[in-house]
Trainee: 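The structure that follows is given in the form of structure tokens.
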Amino acid sequence: MYSITLIPGDGIGPEVTHSAKRVIEATGLKISWDIVNAGADVYKDRGVLVPDEVFESLEKNRIALKGPITTPVGCGFRSINVLLRKKYDLFSNIRPVKKIPGIETPFKDVDLVIFRENTEDLYSGIERSTSEDSAEAVKVITRKASLRIAKKAFEYAEKNNRKKVTAVHKANIMKLTDGLFLDCAREISKTYPDIEYEEVIIDNMCMQLVMNPSRFQVIVTTNLYGDILSDLCAGLVGGLGIVPGANIGEDMAIFEAVHGSAPDIAGKNIANPTALILSGAMMLNYIGETEKADAIADAVSKTISEGKYITMDLGGSSSTSDMTDAIIEKILES
Ligand code: NAI
Ligand code: MG
């Protein structure tokens, strides 16, 4: 019996986490879910954004499945997502972007993994107004964080038989910060002589990705570029509805989709549950339940390629719950 924290989040979060929970349970895995929540809805009810039980549950279980949490634009509270990643030093944000047969895209074979540094860069939270008409933000890059994310990217490439790692940067302009990041990526690359290493500047990278994404296998980059490239890459394979993710540290991991709370479609039972379901499959791989993880990924693939029960974003007309039911049926058949 595993004990896992479940954070439903807000917006489409409760709908898609409910789907993922049902799909994981359909594999027969025995899980005791510790359900706790944070965000604006919790604040409305209880006057606190992240109640203590969220921290307590994470610290006890060291593993969580999480729905998206809205962060207001402009004034308002700071991101709870960033807070959790920093507080627990979940330094690797890993986002596999893979073509799923059945989803029409211009590309035959996209299969890449983004390693996004998850604790620093312009997400430092150090920002201030310098006058009524000017403001500045601090971009923090450290050797420690850059070395460890580069190492994770190369370790992954080696373990998964990927032949190339691409470091993405803007060191031509940000010579000290991105320059340091690049130095670290280079240093790690030297310890993996069998893996090709290349460096691409972020603006060129965007063009390369939309022209010929299959030339990339593993991408390693700083926090902000990684955030932006993740959504761009999601667009190469059919959108945010299908791309999962993981925030992994030394002794804790939180699994969540790349997408946000999608307020435009929240509460309508039309969100695509795939991204969170596949985040759940990543979680099962993390705890060593690889067969069950594969069963989930297969069931998702079959459901999408058959095309009968797919959500609106993929060109179908099924509800979140109907697509979830179809995936569960495939798991039970297998
Ligand atoms: P978003 O990712 O929520 O939505 C962007 C577009 O993709 C929308 O049109 C949405 O309907 C669509 N979309 C997203 N997920 C989908 C799904 N599962 N199925 C079908 N369509 C889907 O990005 P947006 O609107 O910029 O952000 C909304 C809120 O989410 C913001 O407050 C943001 O801060 C927060 N956010 C939270 C994240 C997290 O909790 N880790 C990550 C990203 C954003
Ligand atoms: Mg993002």
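All ligand and atom numbering here is 1-based and tracks the order in the structure. All residue numbers refer to positions in the sequence shown, counting from 1.
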Trainee: What about Tyr2 and Met282, same hydrophobic cluster or not, with Ile/Leu/Val/Met/Phe/Trp/Tyr joined at side-chain heavy-atom distances under 4.5 Å?
Mentor: yes
Trainee: Taking atom types as modelled and ignoring hydrogens, do the side chains of Thr130 and Glu136 form a donor-acceptor contact shorter than 3.5 angstrom?
Mentor: no
Trainee: Check ligand 1 against Asp313 and write out every atom of the ligand that is under 4.0 Å from a heavy-atom position of the residue.
Mentor: 20 (C)
Trainee: Are any of the N or O atoms of Thr70 closer than 3.5 Å to those of ligand 1?
Mentor: no
Trainee: Tell me whether Pro263 reaches ligand 1 (any heavy atom closer than 4.0 angstrom to a ligand atom).
Mentor: yes
Trainee: For atom 20 (C) of ligand 1, which protein heavy atom lies nearest, and how many Å away is it?
Mentor: Ile265 CD1, 3.6 Å
Trainee: Protein heavy-atom contact under 4.0 Å for atom 26 (O) of ligand 1?
Mentor: no
Trainee: Will you find, in the side chains of Glu329 and Tyr309, an N or O donor that is under 3.5 Å from an N or O acceptor?
Mentor: no
Trainee: At less than 4.0 angstrom from any non-hydrogen atom of Lys66, what atoms of ligand 1 do you find?
Mentor: 40 (O), 41 (N)
Trainee: Provide the number and element of each atom of ligand 1 under 4.0 Å from a heavy atom of Pro68.
Mentor: 39 (C), 40 (O)
Trainee: Nearest to atom 14 (C) of ligand 1, what protein heavy atom do you find, and at what distance?
Mentor: His259 CB, 3.7 Å
Trainee: I'd like to check atom 34 (O) of ligand 1 in this structure: does the protein have a heavy atom lying under 4.0 Å from it?
Mentor: yes
Trainee: Which residue holds the protein heavy atom closest to atom 8 (C) of ligand 1, what is that atom called, and what is the gap in Å?
Mentor: Asp264 OD2, 3.4 Å
Trainee: Taking Asp34 for its side chain and Thr5 for its backbone only, find out whether a donor-acceptor pair lies under 3.5 Å.
Mentor: no
Trainee: Would Phe255 and Tyr286 count as a close aromatic pair, with their ring centres under 6.0 Å?
Mentor: yes
Trainee: Please tell me whether Thr119 and Glu117 have a donor and an acceptor in their side chains that are separated by less than 3.5 angstrom.
Mentor: yes
Trainee: Which residue holds the protein heavy atom closest to atom 16 (C) of ligand 1, what is that atom called, and what is the gap in Å?
Mentor: Ile12 CD1, 4.0 Å
Trainee: Regarding Arg116 and the six-membered ring of Tyr123, is the cationic atom NZ or CZ under 6.0 Å from the ring centre and inside 45° of its axis?
Mentor: yes
Trainee: For Ser124 and Val138, indicate whether the former's side chain and the latter's backbone hold a donor-acceptor pair under 3.5 Å.
Mentor: yes
Trainee: From atom 12 (C) of ligand 1, is the closest protein heavy-atom distance below 4.0 Å?
Mentor: no
Trainee: Indicate whether the side chain of Ser318 and that of Thr311 have a donor and an acceptor atom separated by less than 3.5 Å.
Mentor: no
Trainee: CD1/Ile277 to CD1/Ile24 distance, rounded to the nearest 0.5 angstrom?
Mentor: 8.5 Å
Trainee: Mark up the atoms of ligand 1 that fall under 4.0 Å of a heavy atom belonging to Glu256, in ascending order.
Mentor: 39 (C), 40 (O), 41 (N)
Trainee: Any non-hydrogen atom of Ile80 lying under 4.0 Å from ligand 1?
Mentor: no
Trainee: Would you please say whether a donor-acceptor pair under 3.5 Å links the side chains of Asn161 and Lys159?
Mentor: no
Trainee: Is there a donor-acceptor contact under 3.5 Å from the side chain of Ser189 to the main chain of Arg186?
Mentor: yes
Trainee: Within ligand 1, which atoms have a heavy atom of Asn81 less than 4.0 Å away?
Mentor: 37 (C), 38 (C), 39 (C), 40 (O), 41 (N)
Trainee: Treating Lys99 as the side-chain partner and Ile103 as the backbone partner, does any N or O pair qualify as donor plus acceptor under 3.5 Å?
Mentor: yes
Trainee: Looking only at heavy atoms of Glu15, does any of them come nearer than 4.0 Å to an atom of ligand 1?
Mentor: no
Trainee: Taking a cutoff of less than 4.0 Å between a non-hydrogen atom of the residue and any ligand atom, is Met312 in contact with ligand 1?
Mentor: no
Trainee: Of all the non-hydrogen atoms in the protein, which one sits nearest to atom 7 (O) of ligand 1, and at what distance?
Mentor: Leu240 CD1, 3.7 Å
Trainee: Only one of Ile219, Thr221, Ile228 forms a side-chain contact (heavy atoms from CB on, under 4.5 Å) with Met205, so which one is it?
Mentor: Ile219
Trainee: Distance to 0.1 Å, residue and atom name: give those for the protein heavy atom nearest to atom 19 (N) of ligand 1.
Mentor: Asn272 N, 2.9 Å
Trainee: Report yes or no: do Lys66 and Asn247 form a side-chain donor-acceptor pair below 3.5 Å?
Mentor: no
Trainee: May I ask you to establish whether Lys164 and Phe216 are in a cation-pi arrangement, using a distance under 6.0 Å from NZ or CZ to the six-membered ring centre and at most 45° from the ring axis?
Mentor: yes
Trainee: Would you say the side-chain atoms of Ser321 and Thr324 include a donor-acceptor pair closer than 3.5 Å?
Mentor: no
Trainee: Salt bridge check, Lys302 against Glu306: does any charged N sit closer than 4.0 Å to a carboxylate O?
Mentor: no
Trainee: Taking both backbone and side-chain atoms of Gly241, is any N or O found less than 3.5 Å from an N or O belonging to ligand 1?
Mentor: no
Trainee: Would you say atom 40 (O) of ligand 1 touches the protein, meaning some protein heavy atom is under 4.0 Å from it?
Mentor: yes
Trainee: Could you find the nearest protein heavy atom to atom 29 (C) of ligand 1 and give me its residue, atom name and distance?
Mentor: Ser261 OG, 3.1 Å
Trainee: With heavy-atom distances below 4.0 Å as the criterion, list the atoms of ligand 1 near Arg85.
Mentor: 41 (N)
Trainee: Which residue from Gly260, Ala40, Gly39 reaches closest to atom 36 (N) of ligand 1 through any of its heavy atoms?
Mentor: Gly260
Trainee: Does Ala262, backbone or side chain, put an N or O under 3.5 Å from an N or O of ligand 1?
Mentor: yes
Trainee: Checking a contact table here: which protein heavy atom is nearest atom 32 (O) of ligand 1, and how many Å away?
Mentor: Thr71 N, 2.9 Å
Trainee: Could you establish whether Val16 and ligand 1 come within less than 4.0 Å of each other, counting only heavy atoms on the residue side?
Mentor: no
Trainee: Closer than 2.8 Å to the Mg ion (ligand 2), which protein N, O or S atoms?
Mentor: Asp227 OD1
Trainee: Ignoring hydrogens and geometry beyond distance, is a side-chain donor-acceptor pair present between Thr290 and Asn285 at under 3.5 Å?
Mentor: no
